[in-house]
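Input: a single structure, listed below in structure tokens.
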Amino acid sequence: MKGREPSEEEVVSWLRERLGGAVLDARVARKRRVFVRVDREHFKTALIALKELGVDFLEALTGVDAGDSIEVIAHVGRSVSVAVETAVPKGDPRLPSLVDLYPGAEVYEREVWEMLGVVFEGNPRLARAFLPEDWPKGVYPLRKDYEPKHPEPLR
Amino acid sequence: MALVFDVITNLFRKRATVLYPEERKEEPGTFRGVLGFERSLCIGCGLCWRVCPASAIEASRDEKGARPVFHLDRCIYCYLCVEVCPRKAIKASSRRAPAVEDKRKLEVS
Amino acid sequence: MLAGLVRWARSRSLWVLFINTGACNACDIEVLAALSPRYDVERFGVLLKGSPRHADVLLVTGPVTRQVRDRLLRIYEQMPEPKFVVAVGTCATSGGVYDACYNVYEGLDKVLPVHVYVPGCPVKPESVLDAIKLLAEKVARGGGS
Amino acid sequence: MGLYLPVGPQHPIHPEATLIKLKVEGEHVVDADIDASFVHRGIEKALERKTYVQGLFLAERICGICNVAHTTCYTLNVEGLAGIEVPQRALWLRLIVEELARVSSHLLWLGLLAHVVGFESLFMLAFRDREVVLDLMEEITGGRVTSGYNVIGGVRRDIDAATAYKIKSSLAKLKERVVKYRRLLEEDPIVRARTVGVGYLSPSEARELLAVGPVARASGIAYDIRVNDPYLVHEEVPFNPVVYDTCDAWGRAMVRVGEILESIEMIVYALDHAPSGEIRARVPPIFRPPPGENVTRVEAPRGELLHYVRSDGSEKPYRYKVRTPTLANLPAAISMLKSRGDRVVHIADVPVIFGSIDPCICCTARVLVVNEKGAAKEFQLDELAAKRWAR
Amino acid sequence: MIAEALRAFVYPGIAYMVALALLLEWLDRKIVARLQNRVGPYYAGPHGLLQPLADLIKLLAKEDVVPLGADGILFTLSPIAAFVVVTVAAAFVPLASTSGLVSAEGDAVAVLALITIYLLLVYTAGAASPSRYSQVGAVRAAHMLLGFEIPLMLSCLGVLASAGSFRLSELAARGSVRVFGLHAVGFAIFLIAAQAELERLPFDIPEAEQEIVSGWLVEYSSWRLALFRLARDIELLLLSGLAVTLFLGGPVGPSPPGAEPLLYPLYFIAKAALIVFLFSLVRASTARIRLDQFVTFCWRYLVPTSFAYFALAVLVA
Ligand code: SF4
Ligand code: SF4
Ligand code: SF4
Ligand code: SF4
Ligand code: SF4
Ligand code: SF4
Ligand code: SF4
Ligand code: SF4
């Protein structure tokens with residue numbers, strides 16, 4: 001970690017300053033927890049801005065099926081955990097890849113792609129990663145319309 | 001090679017092995033083991049089968065009304081049901097579930 | 001006489017192939033603990049083998065995921081007869097806590113014939129020894145296979 | 001010509017079904033693939049179909065080894081979401097059990113390292129000494145491995161004075177053994193030959209590939225959630241994060257052994273200083289937290305563990321996300337497995353390297369196809385089995 | 001005629017050898033277990049004494065599988081040949097009396113040659129099976145051979161040269177112990193090389209379980225595996241017998257006249273047990289080293305030392 005890490009308030013004000021109206025919502029939920037909502041176009045910009053501020057560690061990518069859209073949440077930060085949320089419509093689930101920003105993000109993107117069908121443009125290996133080889137195409141288990149059931153017994 | 005000394009001292013040390021099943025080590029008795037069930041206490045409230053995370057409790061009924069049947073082949077010994085039962089009809093024990101050739105033997109009712 | 005000798009030899013020399021088919025690891029490490037000095041399953045003549053060709057017993061932990069199913073069957077097929085299958089842990093016995101998971105079978109017996117079940121979540125190493133003993137008795141009687 | 005040598009999915013290095021595909025030339029690894037989809041069970045989906053209280057026991061079984069980390073994270077997460085006040089003593093007890101689980105996990109790992117470098121006796125002895133911790137776990141929590149100790153609202157059982165005394169005396173003995181093992185790691189020529197310089201991960205790579213836990217700390221990155229984001233009572237319990245900068249498998253071993261000693265100190269301190277009082281707040285078996293979201297992070301034995309929950313006001317989570325430490329460390333592992341420049345990776349190093357991230361694929365269940373060309377080769381086990389199938 | 005046959009097949013012939021070999025395997029397993037604070041085999045026979053026998057019978061009674069893609073002839077021939085070769089080699093070694101089952105001038109050299117042939121068979125065995133693991137294992141075995149073969153030979157030849165005889169029974173009959181002074185070096189080299197030859201820790205590189213499952217053995221099952229295991233046990237007997245003969249004075253020991261046929265086998269077993277104990281101690285206190293490290297170790301230290309030892313032994317003699 002280089003130097004001091006920014007505080008919760010610094011994160012919020014920095015983002016508002018850099019992105020202006022693209023920040024739809026930003027709140028400090030509690031100590032060391034910040035939730036930020038940005039529009040889809042500024043998802044990556046927000047992460048770049050945060051990296052400039054010294055928030056340079058991607059903890060996880062979460063996808064949530066929110067009805068008509070899919071929300072993608074990037075958890076960044078070491079001490080302060082910033083959740084940068086954005087929504088992509090189900091009809092056009094695309095986001096720019098974060099691999100050039102964080103090479104280790106590849107796996108996380110593949111997980112979100114496979115479980116929820118969000119395409120990360122620029123990810124070099126967006127291939128099957130977690131599901132069985134014979135999993136049907138276009139079925140995303142973490143979407144709400146997928147009804148889980150056990151496979152047929154062999155005997 | 002730094003371990004030579006250690007392994008040689010093992011020759012003169014009592015074996016660490018407990019010769020289970022002939023010998024058994026003393027157990028603290030705190031282990032979450034198989035469940036027991038006291039039919040007479042149960043009032044059939046249904047809390048236990050609603051709370052079980054592993055679907056190990058089958059809702060059943062007999063001449064006295066609704067009652068649970070415990071399938072120990074599914075039970076994960078979380079003891080939620082023991083905690084939740086208002087009549088303490090489900091009994092904790094520190095007995096391990098037995099190894100069996102036929103899992104139908106693992107029913108408690 | 002000879003048959004009796006062979007049964008004795010089999011029951012005293014159960015070489016184990018151990019595979020995790022989606023378990024949570026707790027049962028795995030308890031099986032490993034059964035190898036450790038406190039329990040020392042080698043007393044029963046059990047050796048852990050890496051190759052299915054050398055093994056007599058397939059010890060399975062975990063509820064069998066879709067992806068692992070074919071491999072499991074293949075490993076089973078590679079084992080020379082007579083072979084035995086032991087389901088270790090609640091999730092191998094019936095699926096247990098993974099009852100709402102879409103990617104698993106509800107227990108090993110949905111996929112392979114099972115000779116001995118050991119419920120427990122996780123099993124204790126003593127239970128693993130119980131299972132080995134039960135299996136050895138069964139083999140000595142000429143059962144299974 | 002390269003030769004593809006699949007390691008796994010059934011392979012003694014990993015009882016759990018993982019597939020490492022190695023491209024080897026002679027004895028050197030030139031490319032690596034990891035396919036670990038064999039243990040994906042679909043837990044995140046299943047968590048959406050369980051109530052918060054039931055989900056705890058499923059979360060506990062994401063992984064048996066760091067089940068305590070998972071339950072700590074899950075309970076803190078749900079308590080934060082629902083606004084449940086947890087009694088102070090419960091937090092101290094959680095910390096004690098969590099550190100105990102860390103000791104057990106690291107000892108397990110020491111045994112696996114031993115096994116991986118083919119050191120049978122060390123494996124046996126590490127497992128023998130680990131039994132001490134497991135006995136304590138059983139006495140405190142009621143389970144040797146899967147503890148079922150943390151519940152929403154607190155913990156299930158208290159630690160009385162007699163047990164506390166027993167814990168302290170057992171741990172004092174264990175500590176002597178661990179110091180011995182640390183010396184062994186420092187001195188044994190073969191162990192050193194097998195681990196020093198193996199699996200090199202430079203600090204900048206560790207940063208870029210998002211390594212966590214002992215892997216990051218062995219590459220000189222002092223990142224420990226217990227320091228960076230204290231979640232229990234870590235501010236009140238003194239401890240020093242263990243950081244090495246050798247960036248290799250040996251450093252990771254030393255970090256873990258050092259952490260065992262730290263954890264023992266923490267447990268003893270916590271036993272002496274825990275306040276008395278209630279251990280569990282009453283929580284109904286079915287409850288409905290308000291709509292909202294929460295993120296909790298815990299330092300599991302293998303590194304940062306992250307749980308995210310979103311509630312829509314019903315009795316079941318709307319979405320529950322788990323990011324396990326092994327997943328975070330996989331990109332680093334892949335990069336370590338490849339021979340690059342003058343850094344040569346031998347086949348014999350593979351288990352050591354892969355083992356050095358202490359992988360627990362069961363919670364991770366992911367494939368990393370580095371090179372698709374290998375896929376055709378992967379089916380050689382089929383060929384072997386084909387004859388049996390034909391019969 | 002019948003006496004001949006009894007001698008060849010029962011005592012001190014094949015049956016005795018097999019029994020002795022199984023006994024040594026049991027000893028080895030028990031000692032290692034004890035060193036690891038465990039019990040080891042326990043239920044098969046008294047204290048697990050019959051465990052190796054149970055393993056053997058069980059394997060013999062298993063289904064025979066030849067994997068697809070295996071070289072059928074080599075796959076069958078290798079285990080048989082391996083067994084025959086080590087058994088013949090062991091027949092030269094005095095195991096029960098001061099004379100081997102067969103004995104001839106220069107038999108020591110024959111034994112060493114047979115050991116080399118056995119190692120080549122390991123290579124063919126691995127190469128004959130279709131699994132990649134076995135092939136890697138076979139290549140590793142061949143690599144290792146280059147490293148320890150010369151020290152093994154030289155440490156034996158050093159003793160033989162200083163004793164001035166190349167006949168094992170003659171050495172055994174002299175009963176002189178050679179583990180002090182110069183010969184301590186030879187003894188150490190022999191033990192290390194033998195450990196490698198037996199593919200035991202820290203040199204079990206060709207069958208490293210963690211890396212390549214069981215190496216060259218991976219595809220063998222049933223009677224083939226049984227023969228390989230038996231061959232391995234007899235090899236253990238052979239090498240400890242060789243060590244006893246060369247360094248520990250053979251089966252000779254104090255004995256009232258006339259009691260030798262009874263006491264000498266016991267002396268032999270006791271001395272062989274001592275060697276096995278040393279083997280087990282090494283196995284129980286080391287980790288496996290890597291192939292390249294092993295080869296470097298051999299060529300940098302073991303081979304030069306063994307040459308020096310040999311030269312000195314010849315000079316002194
Ligand atoms: S006991 Fe309580 S929870 Fe159960 S049915 Fe009655 S009111 Fe409902
Ligand atoms: S202990 Fe848990 S799993 Fe078992 S029956 Fe009770 S609630 Fe179900
Ligand atoms: S919770 Fe208790 S009283 Fe209610 S049905 Fe279950 S066993 Fe009976
Ligand atoms: S039975 Fe329970 S403890 Fe064992 S592997 Fe399955 S879930 Fe884990
Ligand atoms: S020692 Fe470890 S890596 Fe090797 S087989 Fe056992 S568990 Fe697996
Ligand atoms: S990888 Fe593991 S945690 Fe993730 S969905 Fe699959 S089973 Fe659940
Ligand atoms: S990383 Fe390993 S130890 Fe940790 S939760 Fe996952 S499986 Fe368990
Ligand atoms: S790597 Fe971890 S989870 Fe996997 S087998 Fe080893 S100890 Fe268990």
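Order of the sequence lines fixes the chain letters, A, B, ..., with proteins taken first and strands second; residue numbering starts at 1 for each chain. All values below come from the heavy atoms of this structure, side chains included, with hydrogens, waters and symmetry mates left out.
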Problem set entry | chain C contact via E/Arg224 - which portion, at a heavy-atom distance below 4.5 Å | neither
Exercise. Taking the six-membered ring of C/Trp15, is the NZ or CZ of E/Lys58 close enough (under 6.0 Å from the centre) and on axis enough (within 45°)?
Worked result: yes
Exercise. Between C/Arg43 and E/Tyr43, do the side chains contain an N or O donor and an N or O acceptor separated by less than 3.5 Å?
Worked result: yes
Exercise. Below 4.0 angstrom, N of the basic side chain to O of the carboxylate: do C/Arg12 and E/Asp55 qualify?
Worked result: no
Exercise. Has the side chain of E/Arg29 got a donor or acceptor atom that lies under 3.5 Å from a matching backbone atom of C/Glu42?
Worked result: no
Exercise. How far does CG of C/Leu5 sit from CG of E/Leu53, to the nearest 0.5 angstrom?
Worked result: 7.0 Å
For this session: Kindly give the heavy-atom pair with the smallest separation between E/Ala54 and C/Ala9, and that separation in Å.
Result: O-CB, 3.4 Å
Problem set entry | Contact origin within E/Leu60 toward chain C - heavy atom pairs under 4.5 Å | neither
Exercise. Hey, are the side chains of E/Glu63 and C/Pro82 touching, using non-hydrogen atoms and a 4.5 Å cut-off?
Worked result: no
Exercise. Heavy-atom distance under 4.5 Å to chain C: side chain of E/Gln51, backbone, both or neither?
Worked result: side chain
For this session: Find out whether C/His54 and E/Leu225 are in side-chain contact, i.e. whether some heavy atom of one side chain is under 4.5 Å from a heavy atom of the other.
Result: yes
Exercise. Judged by atom type as modelled, is there a donor-acceptor pair below 3.5 Å linking the side chain of C/Asp40 to the main-chain atoms of E/Val39?
Worked result: yes
Exercise. Where does C/Ala136 contact chain E at under 4.5 Å (heavy atoms): side chain, backbone, both or neither?
Worked result: neither
Problem set entry | Distance (rounded to the nearest 0.5 Å) between C/Ser13 OG and E/Ile57 CD1 | 9.5 Å
Seminar exercise, completed: Rounded to the nearest 0.5 Å, the CH2 atom of C/Trp8 sits from the CG atom of E/Leu50 at a distance of 4.5 Å
For this session: Under 4.5 Å heavy-atom distance to chain E, tell me which part of C/Leu14 shows up: side chain, backbone, both or neither.
Result: neither
